[in-house]
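Reviewing the structure listed below.
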2 protein chains.
Amino acid sequence: MATNRTESVERAMSILSAFSTQKPIMSLAELAEETGLHKSTILRLTNSMRIYGFIQRDEDGRFSVGPSVWRLALIFRRDFTKREHVAPALRILAEATGETASFYVRAGNERVCLYRENSPNLLRFHVEEGMRLRLSTGASGLVLRRYSGEDMDDFSSFNENGTASSVGQTNPNISSISTPVFSAAGELVGALTVSGLATRFDEEARARAIPLLERLAHGLTTT
Amino acid sequence: MATNRTESVERAMSILSAFSTQKPIMSLAELAEETGLHKSTILRLTNSMRIYGFIQRDEDGRFSVGPSVWRLALIFRRDFTKREHVAPALRILAEATGETASFYVRAGNERVCLYRENSPNLLRFHVEEGMRLRLSTGASGLVLRRYSGEDMDDFSSFNENGTASSVGQTNPNISSISTPVFSAAGELVGALTVSGLATRFDEEARARAIPLLERLAHGLTTT
DNA sequence: CATTCTCGTTCTGTCAGATGAAACGCAACA
DNA sequence: TGTTGCGTTTCATCTGACAGAACGAGAATG
C-alpha cells in the first residue's frame with residue numbers, strides 16, 4: 001500500500017464501518033462476509049479494538065460497536081455545530097417547505113446525516129440521523145465535495161451563492177437543494193439541505209425555498 | 001506483541017483515545033506528546049483513519065474526531081439501553097436522593113458514563129455524559145468488574161443483591177452506590193449509580209437509597 | 001442416532017508492511 | 001538574522017500481520 005497509510009488500520013476501520021442500523025450486531029462469519037476479511041484477521045483486529053472499548057462481543061461471540069465510540073461521539077458533537085443550534089433552522093425549513101430538512105457532513109468518501117427534521121407529510125424522503133449516503137449523488141454531496149477542496153469541473157448545478165440543486169440523484173423520485181455552512185474561520189462545517197418528492201418539490205418550489213435556506217445557513221455561520 | 005492482537009491497530013486506537021473534552025482538537029506535536037508515538041507514525045495512522053472518516057484535520061492541520069464516530073455512536077445508542085428508557089429512572093433517583101444519578105458501561109479497562117441526571121445541589125459530584133473513569137475505583141467500577149466476568153476476591157463492598165457501596169474512591173469526598181442492570185437475556189448492560197458528597201450522602205442516606213436504586217434497576221431489565 | 005456442515009479458534013511459515021531516524025522546508029520567535 | 005519547533009517525506013531495517021490449515025464443538029440434516 002501507499003507508504004503514507006497503514007493497511008491493517010484500514011482493515012480495522014472497514015470492520016467498524018461494516019456496522020449499520022440494519023446490522024448493529026454481527027457474528028464472526030457475518031463480519032467476514034461483510035468485509036471480505038479472513039476470520040483469523042478479524043479476530044486479531046477486533047481483539048485490539050476491544051481492549052480500547054471500540055468494539056464489544058456478547059456471550060454468543062457476536063460483535064457490536066463499543067462504548068468508546070459513544071464517548072468520542074460526544075466529543076465530536078461538542079466540537080461541532082450543536083444540535084440545539086441547528087435544530088431551529090431545520091424546523092423552520094421543514095415547516096416552510098413541507099419537506100425533510102437535514103444537515104450533512106463529509107466522512108471520507110461518504111456523507112453522513114448528523115441532524116434532520118422529517119417532513120410532516122406521510123409521503124416523504126424519510127431520513128434518519130446517522131444515515132450515510134454516497135458523496136457522488138445529491139445536492140449535499142455536490143456541496144460537500146465542492147467546498148472541501150475537491151476538484152470539480154461541472155458547476156451547472158450551483159447558483160451564484162454556491163447552493164446546489166439536484167433531481168433524481170439520491171433516488172429517482174427525490175429532488176433536493178443544499179447550501180454550505182461555514183465556521184467563523186471560513187471552514188466548511190456541513191451542508192444544510194432540503195429534500196422532497198420531485199413532483200411536489202419541483203423547480204418552482206425549490207426556487208422559492210432557496211432564499212430561506214441560504215439565509216438560515218448564513219445564520220448558522222456566526223458561531 | 002501477542003499473536004491474537006494487532007499492534008498498529010492499538011496504536012491507532014490510542015490516538016483516538018487521546019481526544020477528550022479538554023482536548024477535542026490537537027496538533028501533530030500535541031498528539032505525539034499525548035500518545036508517545038512518532039510523528040511520522042501518527043501521520044500514517046491518521047491518514048488511514050481519515051479515509052474512513054474517523055478522524056479529520058482542519059486547515060491548520062489539527063486533528064479531531066470525525067463524523068464516522070457519530071454515525072457509529074447512533075448505532076451503539078440504538079443497540080443499547082436507550083436514553084429515553086433510562087432517563088426516568090435517573091430523574092427519580094436524583095430527585096429522591098438529591099444526588100447525581102448516572103449510568104455507566106464498561107469500555108475495555110475503563111468505565112464510561114452514558115447518561116446522567118446531575119444533582120440540583122450546587123455542591124455536587126458533577127458528571128458529564130462521555131466522562132470516563134477508572135474501573136478500579138468507585139462503586140460502579142466494582143459492579144462492572146464483578147458482573148463482566150472478572151475474577152474478584154473481595155466482595156465486602158457488595159450486599160446480597162450485588163449492589164456496591166464505596167466511599168472516597170473516585171474522589172476523597174465522594175461516596176456512591178451502584179447496582180447492575182441486566183438485559184432480558186441476563187447479560188450485563190451497565191451500572192445504575194448514585195454519587196454524592198460523602199458528608200451528605202452518608203451511610204444512612206445510602207442505605208435509604210439502595211432499595212429504590214435496586215427497584216429501578218430491576219425495572220430497566222425487562223426490555 | 002450417525003453423519004455432515006459450519007462456526008469460532010489456534011498455530012505458523014512467509015513476506016510484505018510498519019517503524020522511526022534523518023533530512024528538509026517553512027513559519028514563528030527572540 | 002539566527003534559532004527553534006513543527007509538519008512532511010524518504011528509506012533501510014526488521015518485525016509484525018496475513019491467511020491457510022487444522023482442530024474441536026455445536027448445529028443441521030438425513
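Keep in mind that what you see is a predicted model, and the values were worked out from it rather than measured. Convention: sequence-line order gives letters A, B, ...; per-chain numbering from 1. Computed over heavy atoms, backbone and side chain alike; hydrogens, waters and symmetry mates excluded.
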Mind checking if R62(B) touches a base, just sugar-phosphate, or nothing, with heavy atoms under 4.0 Å? nothing
Atom CD of E7(A) to atom P of dC15(C): distance rounded to whole Å? 16 Å
Nearest-Å distance for atom pair CE/P, residues M26(B) and dC6(D): 15 Å
Rounded to whole angstroms, how far apart are NE2 on H38(A) and P on dT12(C)? 16 Å
I want to check one thing: is the phosphate of dG17(C), taken as OP1 and OP2, less than 4.0 Å away from some side-chain N or O of R5(A)? no
Over how many whole Å does the gap from E10(B) atom CD to dA18(C) atom C1' extend? 15 Å
Examine dT8(D): is either OP1 or OP2 under 4.0 Å from a nitrogen or oxygen in the side chain of R57(B)? Give yes or no. yes
Classify the side chain of S8(B) and the base of dA18(C) as holding, or not holding, a donor-acceptor pair under 3.5 Å. no
Look at the side chain of S40(B) and decide which nucleotide, out of dA21(C), dA17(D), dG7(D), has an atom nearest to it. dA21(C)
Minimum-distance nucleotide (side-chain atoms of T6(B) versus dA17(D), dT8(D), dA21(D)): dA17(D)
Does T41(B) put a side-chain nitrogen or oxygen below 4.0 Å from OP1 or OP2 of dG20(C)? yes
Over how many whole Å does the gap from N47(B) atom CG to dG7(D) atom C1' extend? 12 Å
Assess the pair F182(B) and Y147(B): is the distance between their ring centroids shorter than 6.0 Å? yes
Quick test of your reading of the model: are E10(A) and R5(A) salt-bridged, counting only N-O distances below 4.0 Å? yes
Any donor-acceptor pair under 3.5 Å linking the side-chain atoms of S178(B) with those of T193(B)? yes
Tell me the interatomic distance from I15(B), atom CD1, to dA18(C), atom P, rounded to whole angstroms. 13 Å
Side-chain (S68(A)) to main-chain (Y52(A)) donor-acceptor, under 3.5 angstrom: yes
Whole angstrom is fine here: how far is it from CG in L31(B) over to C1' in dG20(C)? 17 Å
Measure from the side chain of R11(A), starting at C-beta and using heavy atoms only, and say which of dA21(C), dG8(C), dA19(D) lies closest. dA19(D)
Would you say R44(A) reaches dC18(D)'s phosphate, i.e. side-chain N/O to OP1/OP2 under 4.0 Å? yes
Pair E110(A) + R134(A), salt bridge at N-O below 4.0 Å: no
